[in-house]
Amino acid sequence: MLRYVTRRAAGWFLVIAVATNATYFLASWFLDPRSNFKELRPVRTEEQISRALAPYNLDPHEPLLHRWWDWLTGVVLRFDWGRSPVGVRVNGEIGYRSLVSAELVTGATVLSVVVGVALAVHTASRQYGWRDRAAQALSMALFNVPVSIAALALVLLAIRLNEQAGWHFLYVAGENSPGVEGFWATVGDRLLHLVLPTLTLTLTGYVGYHLTQRSLLLDVIGSDFVRTARATGLTRAQAIRRHALRTALIPTAQSVAFGIPAVFTGAVLTETIFGWNGMGQYFIQTISKNDVHGTVATAAFAAALTAVGAILADIATVLLDPRVRVS
């Protein structure tokens, strides 16, 4: 297994290196850092703009290959991903915002998978019963609700509950409260700020796992090994939990692994509505501000997460299906 993971990691490393360098050239061609200075007053000349961008390796008058080589040597030798057009270090932004997104995404992903799979097992064992139909109707309704609408509805509900309770216990914006000191006070305050965005991502995220896992379970229920388990005296629900679920979980496990990068960089609306400065919001900002180095670093971060997800998906397949063996 270790040798297999090492080979896969080496292959993905090569893919990430090629994709990241290609992204650098594309970003350099299509993003123009000079535009950030165009609306400043007093008006800057082209020479002044070039002098301002030169320390950050963004001077458009410098040949692209020279800029690329300076950027590449910085990444390889010092793991320095450069600076934005205004001098902000990309390393610091990626480090901080990835932690912010990790706080937001981890809990929501775990809850979405647990709720979705548990609901799928419960409804699949009671196919076409009232619980199954009610759960499907709810999931289909939530599936068609945009994330922005769900988030705003939760914000309005939280404001109403705060007013009814007479104290502020549900926070609708920000990552933390100013002036909070102490370890446990900070942790508690952070958790309270996580409630609404986590609930938003969970309500909009569990639906896919529920509907997909239910369909997979219903397909597996008719298999020979499940019928054999039923013949030994197990109930339908017991056969699903003990035998069918393990096989049907393989596509779900792969979906979760490959969905991690998309959630990290794609929770733009949730982060914007609740005021969380995560990777999704950072990615949009790098594009809008013509930040070549930030855009490339974000793309590399997403590619690295994709590689990790692919390797985790392979490991999950081996663990869930004993018939799969790594040569």
Heavy-atom side-chain proximity of [X] to [Y] below 4.5 angstrom:
X      : Y      : result
Ser84  : Tyr56  : no
Phe274 : Leu104 : no
Val117 : Leu245 : yes
Met140 : Leu211 : yes
Leu201 : Thr109 : no
Glu175 : Asn277 : yes
Trp68  : Ser28  : no
Ile94  : Tyr282 : yes

Is it true that a side-chain atom of [X] and a backbone atom of [Y] form a donor plus acceptor pair closer than 3.5 Å?
X      : Y     : result
Gln48  : Thr45 : yes
Arg78  : Val76 : no
Asp291 : Pro85 : no

Can you name the residues that form a side-chain contact (heavy atoms from CB on, under 4.5 Å) with [X], not counting sequence neighbours?
X      : answer
Val308 : Leu312
Asp70  : Asn57
Leu152 : Ile273
Arg8   : Tyr4, Trp12, Ala310, Ile311, Asp314

For a quick test of your reading: what N or O donor-acceptor pairs under 3.5 Å do the side chains of residues 193-200 make, sequence neighbours left out?
residue : atom : partner : partner atom : Å
His193  : ND1  : Asp189  : O            : 2.8
Thr198  : OG1  : Leu194  : O            : 2.7
Thr200  : OG1  : Leu196  : O            : 2.9

**Item:** Between Ser125 and Gln238: side-chain donor-acceptor atoms closer than 3.5 Å
**Value:** no
**Asked** Would you say the side chains of Gln285 and Arg97 form a donor-acceptor pair under 3.5 Å?
**Response** yes
**Message:** Run Trp276 and Gln281 through side-chain contact (heavy atoms from CB on, under 4.5 Å) and show every step you take.
**Reply:** CA-CA 8 Å; Trp276 281 69; Gln281 203 172 57; over 6 Å; no
Hey, could you give me the [atom1]/[atom2] distance between [X] and [Y], rounded to the nearest 0.5 Å?
X      : Y      : atom1 : atom2 : answer
Ile49  : Asp59  : CD1   : CG    : 10.5 Å
Leu191 : Thr186 : CG    : OG1   : 11.0 Å
Leu192 : Leu170 : CG    : CG    : 8.0 Å
Ser50  : His61  : OG    : NE2   : 4.5 Å
Thr298 : Phe283 : OG1   : CZ    : 6.5 Å
Arg83  : Glu93  : CZ    : CD    : 11.5 Å

I need the minimum non-hydrogen distance between [X] and [Y], along with the two atoms involved.
X      : Y      : value
Pro33  : Val292 : CG-CG2, 4.2 Å
Glu271 : Gly280 : OE1-N, 3.3 Å
Val172 : Ala158 : CG1-CB, 3.9 Å
Ala102 : Thr106 : O-OG1, 2.6 Å
Ala307 : Ile16  : CB-CD1, 3.9 Å
Ala300 : Thr20  : CB-OG1, 3.6 Å

What residues form a side chain to side chain donor-acceptor pair (under 3.5 Å) with [X], not counting sequence neighbours?
X      : answer
Ser255 : none
Glu47  : Arg51
Asn176 : none

**Prompt:** Strictly under 6.0 Å, is that where the ring centroids of Trp167 and Phe169 end up?
**Reply:** yes
Is [Y] reachable from [X] through a run of hydrophobic residues whose side-chain heavy atoms are each under 4.5 Å from the next?
X      : Y      : result
Leu64  : Trp71  : yes
Val187 : Tyr96  : yes
Val145 : Val155 : no
Val114 : Tyr206 : no
Val207 : Leu216 : no

**Prompt:** Does the side-chain contact (heavy atoms from CB on, under 4.5 Å) test come out yes or no for Tyr24 and His293, once each step is laid out?
**Reply:** CA-CA 8 Å; Tyr24 182 88; His293 296 150; 4.0 Å; yes
**Message:** Pair Val75, Asp80 - check side-chain contact (heavy atoms from CB on, under 4.5 Å), show working.
**Reply:** CA-CA 5 Å; Val75 172; Asp80 182 3; over 6 Å; no
**Request:** Among Ile, Leu, Val, Met, Phe, Trp and Tyr joined by side-chain contacts under 4.5 Å, find the other residues sharing a cluster with Leu99 and list them by chain and number.
**Result:** none
**Complete:** Going by chain and number, the hydrophobic cluster around Leu111 (ILVMFWY, side chain to side chain under 4.5 Å) further includes none
**Item:** Pairs touching residues 209-220 that satisfy side-chain hydrogen bond (donor to acceptor under 3.5 Å, both in side chains), sequence neighbours left out
**Value:** Asp132-Arg214, Ser139-His210, Gln213-Thr252
**Fill in**
salt bridge (charged side-chain N to carboxylate O under 4.0 Å, His left out) pairs touching residues 139-152, sequence neighbours excluded, are none
**Request:** Decide if atom CZ of Phe25 counts as having more than 12 heavy atoms of other residues, nucleotides or ligands within a radius under 6.0 Å.
**Result:** yes
**Item:** Phe30 atom CZ: more than 12 heavy-atom contacts under 6.0 Å
**Value:** no
**Request:** Using the side-chain contact (heavy atoms from CB on, under 4.5 Å) rule, take Trp69 and Leu72 through it: C-alpha gap first, then chi angles, then the decisive distance, then the call.
**Result:** CA-CA 5 Å; Trp69 181 251; Leu72 183 62; 4.2 Å; yes
**Asked** Quick one: do Arg34 and Asp32 make a salt bridge, cutoff under 4.0 Å?
**Response** yes
